[in-house]
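What follows is a single structure, written as structure tokens, with notes after it.
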Amino acid sequence: MSGGAITLRGVEKSFGATKIIRGVDLAIARGERHAMIGPNGAGKTTLFNLISGRFPISSGTIEINGQSIHGLPAHQINRLGLSRSFQITSIFPRLSVFENIRCGLLWARGYRYSFWHLLGGARALNEEADQVLERLGLQDRRNVPAGLLSYAEQRALEIGITVAGGADIILLDEPTSGMSHSETEHAVRLIRSVSEGKTLLMVEHDMNVVFGLADVITVLVYGEIIASGPPAEIRANRAVQEAYLGSEAA
Amino acid sequence: MSADTTSTAPLAAARAPALLRRHWLWLAAIVLALAIPWLFFDWSKGRHSGFALTMLSEIGLMSVFALSFNMLMGQTGLLSFGHAILFGLGGYCTAHTLNAAKAGLFWLPVELIPLAGGLGGLVFGAVFGYVVTKQRATAFAMITMGLGELVAACALMFMGFFGGEGGISTDRVTGQSLFGIEYSTPWQVYCLVVAWTVIATMLMRLQTQTPLGRMANAQRDNFERTQFVGYDPRMIRFYQFTLSGFFAGIGGALYVLVYEIVTFDTVAAAKSATALLAAYIGGAGSFLGPFLGTIVVVLLQSGVSLISNAWLLYVGVLFIVMVMFAPGGIMGIVARHEPIARMGRLGELAVPYARILPPGLLLVLGFVTLVELAQLATIGSAQNKSLAIGGQPIDPHNGLPWAIGAAMLVAGGLWMRREARVFRARWDALMEEAKARGLPV
Amino acid sequence: MEVFLVSLLNGLVYGMLLFMLASGLTLILSMMGVLNFAHASAYMLGAYFAFTISQHIGFWPALIIAPLLCGLLGAMIEMYGLRRVHRNGHIAELLFTFGLALIIEKVVQMTWGLLPVPYRVPAGLDFPLFSIYGTQFPAYRAFMLLISLLMFGAIWLGLTRTRIGLVIQAALTHPDMVGALGHNVPRVFTTVFAAGTALAGLAGVIGGNYQVTEPAMAFTMGPIVFVVVVFGGLGSLTGCFIASLMMGLIQTFAVVLDYSPADLLRQFGIIVTSATPFHEVLTVPLPRVGALLPFLLLILILVFKPRGLMGTRDT
Ligand SMILES: Nc1ncnc2c1ncn2[C@@H]1O[C@H](COP(=O)(O)OP(=O)(O)O)[C@@H](O)[C@H]1O
Ligand SMILES: [Mg+2]
């Protein structure tokens, strides 16, 4: 019961007649850095959408910190302490970078739907948002509308919004996709530092990132897990090499 | 926040100029609002111009309404076609409260009467908001339109609350006041309207800086993402809708205080449309846009309707032109000059602007001539109106004035196209430069 | 019984008229995502054009020319207005058509005056076709029914038998696919918009003398057509057809059935007097509620079944 941050049992998801997730069992322990790999269209993003409550599951159960999320809307799952980022950047384009981060903080700091607190006077909150900005390396873009940032900056902001509230389970969907080599390095450092002491589940295509960062790796192919274990074990796994790594390792 | 124990008297004194510097716009607006009526003061009779005061009061109350509308459109991205129901219902609540106070059921000073309207708007906002905020985007526009039609039809159907076609009349001179003011003269009422307009505007301004206000922006930009930072977008919309009902209700209350009657017009679709036109023309993207837009719309409405029936046509055309060429409204146009201003090169636009002015005027003049001729020929002649320029009567059935109007329109249009190209070139060059300097454009 | 039969026929006539309007709007909304506020304005223009044309060259040419004029206007609006506004999103497009509707109303007022114009049923069709139990059924209504059925058939054939019809059909349910199929999307849009506007114009030609041709006719008809479209569901012409007939019948029957909730309560032995709470609401006769019904339906459907009767997508 205790110990598991995310537990999936027999999770299935169909869109119309096509079954995209075909019976996934997965247990992610608290504090674990877990990477999910697999070819495009394997259903990794769909799995994220199921865990974060964006889509309802077709069958099976998902538990977050031991609590079933059945029927919970996405915002309530977030309030259980699970925060996610998006593969396709999803930020608030007309708000400033600073305010994007602050939006990620508001609920977690108990502000709810308050219309009586003036945010200008919420010093602790603003300082915290600025600290997040600093960690992201975006402090000199603080007051720029987020929609005007460069692609890599937007990706960093995406991670920032996700981790700002201090959720203890963090899901990152291809955080480094489309980044240059140096940008990726910076992003990895960022992910490493923000996931300190937290449970991290990330989808990633860059094998250097995956093997450098993850404690456990799960391989998803056609909506099924074909292998799951520590990096060394995955590297040695035949089935994985054939199904996935083979093409890249060659 | 509460750790701020250092604010001693000398510090506070030092802050006063800083406060003045930060809030000069508010002060200037208040001073201006109280000063303008004196321009129309009739010194020979020793009284204010009723027309000017009514028009200024209308600007005040309609700007509260338009700003409350923009709490939905600009701030939350919700386009309501039925916002007037909150304005009107607030008005009906106010009229009933005022009548009850007058009848001696309770003591309520006139100064606080707008709160009755606000409360009415708040309650109805919560009830209707519960239903309509399930939707957003186009569906929200449709459902609010349906609700607006529904309430407008009810207003004609149920005599008890709405008073049918005749509406509810009331009397603001209840003899109950905090300051011993009677509110029997338009000037006294105008001061009350100014006070409440300022209060409501300030509160709405402050609301934009609260967590709800900011999350409303976030909901507008990307409603789905708000769910993944812990918010229920539906509840954001609900609270925002309810609050905007409060302010719309205050607008309705001011309407009742000014006109001492509330009829079904106040809930009708045309009223909702006025708020939309004002907010959009002024600029929904900035806080003060709807205020500016209200001034434009009310001036056209009160000013032009004195001499012409076509004010709505002019507003409509202005609106279409804005939608097509300046989606940010007047404030949007101003904001687009910012990078150029920051480079300190606004002056370079002076000549291009001066050059598009005459063809622009010619274009407008031609258009107005044709419109006025057309309506003189139909509506005007039905109402036995006639038009004379310089003592020379104009006959709309004569071909010459039409030809002149059309000529001005065409010539203005062609000339404008040429000048616009010149303007565009200058503008683009300046923008390029701003971009090169790394200014956000 | 005779009331029932006559009302049924009248309801059908009105329902088919609604369908003529609503089908165009459904097509435009489903394919282009534009909630066209000016659609009912085309209906009004159709009526006014027909009035003027029939004064000069008669009703029958007007039946052809007026819709064509409307269609031409629609094409121009799409090409020179909507396409430009398109970049700024659906709400901007909606606002654009809203502004157009305002302007068209004013222009109509300025051209034809504030009062209703005497647009009459053509003399050749101005006779009672038959009478049921003493109630006459005018020939013109039968003619309206005929025209709308012909139109219905034409739309059907056009959508199922022509190339562009098939593209439109595909686009109804998957609007993003049109471009992928390699078709000239702007041309398809212009065609649909023009055809929809022409249909609305035709509805105006035959509806203008059935109802009243006045400047307010667009703003009274517009919301009802929206209700039909939402009710029928996005992307479904069949749903639109059913919803049109339903709305026509509901509105027609609501006018004839002179009952109020109080009458219903009386059946259960509850007598409503002026002392009863909400007696005003309870004694409202159905004919007066008739005007409210469409909007009540709109709200209910948007709350409980946002996709409408047969919709394939969210509104
Ligand atoms: N909302 C949806 N509706 C229908 N099919 C979907 C939807 N989302 C994803 N899919 C399908 O599910 C499959 C897996 O997609 P995805 O989870 O995005 O893969 P990955 O993230 O592993 O690349 C794809 O074939 C995709 O087309
Ligand atoms: Mg993916």
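A quick note: this is a predicted structure, and the numbers were derived from the prediction, not measured. Proteins get letters first, then strands, A, B, ... in listed order; numbering begins at 1 in each.
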Flag the pair B:Ile320 / C:Phe96 as yes when at least one side-chain heavy-atom distance between them is below 4.5 Å, and no otherwise.
yes
Which bit of [X] comes within less than 4.5 Å of chain C, counting heavy atoms only: side chain, backbone, both or neither?
X	result
B:Ala269	neither
B:Leu276	side chain
B:Leu312	both

Under a 4.5 Å cutoff for heavy-atom pairs, which residue among [options] has the most contacts with chain B?
options	value
C:Leu35, C:Leu296, C:Leu95	C:Leu95
C:Gly89, C:Gly113, C:Pro223, C:Gly81	C:Pro223
C:Leu292, C:Leu102, C:Val85	C:Leu292

I need the minimum non-hydrogen distance between [X] and [Y], along with the two atoms involved.
X	Y	result
B:Gly146	C:Leu298	CA-CD2, 3.5 Å
C:Ile91	B:Ala137	CD1-C, 4.4 Å
C:Met110	B:Gln375	CG-CB, 3.5 Å

Mind checking the [atom1]-[atom2] spacing from [X] to [Y]? Nearest 0.5 Å is all I need.
X	Y	atom1	atom2	value
C:Ile104	B:Leu313	CD1	CG	11.0 Å
B:Leu79	C:His90	CG	NE2	14.0 Å
C:Phe226	B:Glu149	CZ	CD	10.5 Å

With a 4.5 angstrom heavy-atom cut-off, is it the side chain or the backbone of C:Leu293 that approaches chain B, or both, or neither?
neither
Ring pair (Phe, Tyr, Trp, His ring centres under 6.0 Å), that's the test. Do B:Phe81 and C:Phe37 meet it? Break it down for me.
CA-CA 12 Å; B:Phe81 277 103; C:Phe37 265 79; 4.7 Å; yes
Tell me, yes or no, whether the heavy-atom count around C:His86 atom NE2, taken from other residues, nucleotides or ligands under 6.0 Å, exceeds 12.
no
Of B:Val151, B:Leu147, B:Leu150, the residue whose pairing with C:Phe295 passes side chain to side chain contact (heavy atoms under 4.5 Å, CB included):
B:Leu150
Test side chain to side chain contact (heavy atoms under 4.5 Å, CB included) applied to B:Met142 and C:Val227, C:Val229, C:Ile299, C:Val230, the passing residue
C:Val230
